[in-house]
There are 2 protein chains.
Amino acid sequence: MRLTTKGRYAVTAMLDVAYHSEKRPVSLTDIAKRQNISLSYLEQLFSRLRRAGMVEGVRGPGGGYQLSRDAKLINIADIITAVDEPLDSTRCGGQGNCQNDQPCLTHDLWMGLSEQIRLYLSTINLHDLLQRKNVRRVAQRQDRRVKITAVITAPREEAGAETGG
Amino acid sequence: MRLTTKGRYAVTAMLDVAYHSEKRPVSLTDIAKRQNISLSYLEQLFSRLRRAGMVEGVRGPGGGYQLSRDAKLINIADIITAVDEPLDSTRCGGQGNCQNDQPCLTHDLWMGLSEQIRLYLSTINLHDLLQRKNVRRVAQRQDRRVKITAVITAPREEAGAETGG
DNA sequence: ACATATCCGACGAAATTAGTCAATTTTCTA
DNA sequence: TAGAAAATTGACTAATTTCGTCGGATATGT
């Protein structure tokens with residue numbers, strides 16, 4: 001279980017989808033604005049998330065992504081492993097070939113740690129996260145800051161007060 | 001608490017010191033051979049470990065490094081934080097400035113995870129690790145494979161069978 | 001004196017991560 | 001049917017980190 005910013009972005013984006021996709025799919029453009037992640041990078045991430053069966057893409061205007069199953073059934077560990085390359089074998093992680101085809105001195109230690117992390121993150125699912133007060137507060141702040149493109153054919157409005165907080 | 005190969009190398013090297021330094025200091029050259037870590041990289045790591053007060057360097061022939069306190073009093077979390085830059089502030093780790101001076105959506109989640117990892121690694125010290133059967137077995141295998149420079153003025157021996165496994 | 005070995009800092013290559021760009025396909029709406 | 005919205009794909013680039021090298025300086029045992 002590797003921990004990189006890639007995985008963190010993925011979890012953040014999935015949380016955004018879980019929070020906003022009850023009525024309609026969530027476009028990556030909206031996620032990009034709210035979460036300050038580049039659209040192109042989100043495309044990469046959701047390509048993997050989709051192939052991992054965690055989200056479904058809906059094409060065309062008004063489309064976007066939505067969870068492919070209940071938020072309670074998607075835990076954080078799943079999301080992270082979905083977007084990170086499974087290069088457990090190259091590093092000391094997978095097999096015990098860390099030192100000339102033999103396990104290195106601390107092989108078991110890192111295996112145990114990896115398992116600990118996985119266990120911890122497996123206990124947390126998207127639904128749980130959304131219940132947390134801090135998460136909801138941040139999500140509401142983001143919604144206020146960013147005018148999304150929810151109404152499809154709405155006339156272009158001059159959204160004032162962009163710079164303010 | 002970041003987890004990189006740097007930290008893994010440091011823990012491995014410290015474990016090597018703990019295992020071998022009961023009688024005399026352990027030279028970085030020996031660690032390099034046993035653990036397959038480059039001497040120059042070890043110098044970097046031990047520079048930090050020394051400044052963190054975990055090891056003491058002994059100069060001159062027969063010198064090397066030894067633990068500065070009992071192996072029971074050195075835990076894994078300490079070692080890793082000693083060699084890794086404390087760039088918690090730049091990443092989402094330290095303050096809550098992950099998104100425009102505000103905490104990002106998953107800030108608390110990563111803080112909690114970080115704490116979990118730290119707690120887990122704090123419970124393991126070098127002495128504990130050395131008691132593990134797998135660790136001892138690997139250490140003994142390494143000792144057989146590598147002829148160390150224990151005897152200072154020993155005549156140079158042609159150590160054969162280098163390419164094999 | 002000399003060899004061993006820590007100590008120190010700067011440098012550079014290789015690997016990995018993060019992010020961009022360009023193009024295609026699908027689907028909705030008019 | 002045209003046009004726009006949006007997913008989908010893959011190659012490419014930039015930035016960062018890791019890993020390792022080099023050249024020295026200092027200390028110390030024989």
Side-chain angles (χ1 to χ4, degrees), chain A residues 2-10 12-13 17 21 24-33 35-51 55-66 68 80 83-87 90-92 148-156, chain B residues 2-10 12-13 17 21 24-33 35-51 55-66 68 83-85 87 90-92 148-156:
Chain A
R2 300 194 311 153
L3 294 172
T4 68
T5 58
K6 196 174 192 173
R8 284 199 283 265
Y9 279 149
T12 302
V17 171
S21 70
R24 57 180 69 84
V26 182
S27 76
L28 295 188
T29 307
D30 288 348
I31 302 177
K33 287 180 192 164
Q35 307 302 336
N36 258 347
I37 308 174
S38 87
L39 174 61
S40 315
Y41 202 40
L42 280 175
E43 287 171 354
Q44 271 185 48
L45 298 178
F46 275 81
S47 172
R48 288 171 183 270
L49 292 171
R50 188 179 58 84
R51 272 174 289 189
V55 294
E56 289 169 0
V58 179
R59 292 185 164 198
Y65 286 93
Q66 52 200 185
S68 60
I80 293 179
V83 297
D84 269 330
E85 303 281 352
L87 50 77
T90 26
R91 291 262 179 234
C92 190
I148 64 172
T149 60
V151 181
I152 302 173
T153 54
R156 192 84 48 75
Chain B
R2 300 195 314 154
L3 294 172
T4 69
T5 58
K6 196 175 195 171
R8 284 200 282 266
Y9 278 145
T12 301
V17 171
S21 70
R24 57 180 69 82
V26 181
S27 77
L28 295 188
T29 307
D30 288 348
I31 301 177
K33 287 179 191 164
Q35 307 303 336
N36 258 345
I37 308 174
S38 88
L39 173 60
S40 316
Y41 202 40
L42 281 174
E43 285 174 354
Q44 279 183 41
L45 296 178
F46 275 81
S47 171
R48 289 171 182 271
L49 292 170
R50 188 179 58 85
R51 271 176 287 190
V55 294
E56 287 170 359
V58 179
R59 293 183 164 196
Y65 285 94
Q66 53 201 185
S68 62
V83 297
D84 269 330
E85 304 280 353
L87 50 75
T90 27
R91 292 262 179 233
C92 188
I148 64 172
T149 61
V151 183
I152 301 173
T153 55
R156 188 88 47 74

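Throughout, a chain's letter reflects where its sequence line sits, starting with A, and its residues are numbered from 1.
Rounded to whole Å, the distance from CG on B:D84 to P on D:dC19 is 10 Å. Between B:L42 atom CG and D:dC19 atom P there is a gap of 12 Å when expressed in whole angstrom units. Spacing between atom CZ of B:R51 and atom P of C:dT6 amounts to 15 Å, rounded to whole angstrom units. Atom-to-atom, CG of A:L45 to C1' of D:dT8 comes out at 14 Å; the value is rounded to the nearest Å. Regarding A:Q66, its CD atom lies at a distance of 14 Å from the C1' atom of D:dA6, rounded to whole Å. Here C:dC8 presents its C1' atom at 16 Å from CG of B:L49, a figure rounded to the nearest Å. For the pair B:L3 CG and D:dT18 C1', the computed distance is 15 Å after rounding to whole Å. One atom, NZ of B:K33, and another, P of C:dT4, lie 11 Å apart when rounded to the nearest Å.
For the pair B:V55 and B:S68, the tightest heavy-atom approach, listed with the atom from each and the gap, is N-OG, 3.7 Å. Residues B:L42 and B:L28 approach most closely at CD1-O, 3.5 Å, considering heavy atoms. When all heavy atoms of B:R50 and B:G57 are compared, the closest pair comes out as CD-N, 4.3 Å.
One N or O donor and one acceptor, one from the side chain of A:R59 and one from the base of C:dT25, sit under 3.5 Å apart. Between the side chain of B:E56 and the base of C:dT6 there is no donor-acceptor pair of N/O atoms closer than 3.5 Å.
Nearest to the side chain of B:Q44, among C:dA10, C:dT6, D:dT18, sits C:dA10. Picking from C:dA5, D:dA6, C:dG19 the nucleotide with the shortest atom distance to the side chain of A:S27 gives D:dA6. Side-chain proximity of A:E43 to D:dT26, C:dC21, D:dT21: nearest is C:dC21. Nearest to the side-chain atoms of A:P61 among the listed nucleotides D:dT28, C:dC28, D:dA7 stands C:dC28.
Looking at heavy-atom distances under 4.0 Å, A:L28 makes contact with sugar-phosphate atoms alone, never a base. Counting non-hydrogen atoms under 4.0 angstrom, A:F46 reaches nothing in the nucleic acid. B:L39 comes within 4.0 angstrom of nothing in the nucleic acid, heavy atoms only.
Put simply, A:T29 has no side-chain N or O that comes within less than 4.0 Å of OP1 or OP2 on D:dA5. Regarding contacts with the backbone of D:dA7, every side-chain N or O of A:S47 stays at 4.0 angstrom or more from both OP1 and OP2. Residue B:R50 places at least one side-chain N or O closer than 4.0 Å to OP1 or OP2 of C:dC7. For the pair B:Y65 and C:dC7, the criterion of a side-chain N or O lying under 4.0 Å from OP1 or OP2 is met. The phosphate of D:dT21 (OP1 or OP2) has no side-chain N or O of B:Y41 nearer than 4.0 angstrom.
Note on ring orientation: taking the six-membered ring where Trp is involved, the planes of B:Y9 and B:Y41 are perpendicular (angle over 60°, cut-offs 30° and 60°).
Checking A:S40 against B:K6, the closest nucleotide of DNA chain D that is more toward the 5' end is the one next to A:S40.
In this structure, B:R51 contributes its side chain and B:S47 its backbone to a donor-acceptor pair below 3.5 Å.
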Using the side-chain contact (heavy atoms from CB on, under 4.5 Å) rule, take B:F46 and B:I31 through it: C-alpha gap first, then chi angles, then the decisive distance, then the call. CA-CA 11 Å; B:F46 275 81; B:I31 301 177; 4.0 Å; yes
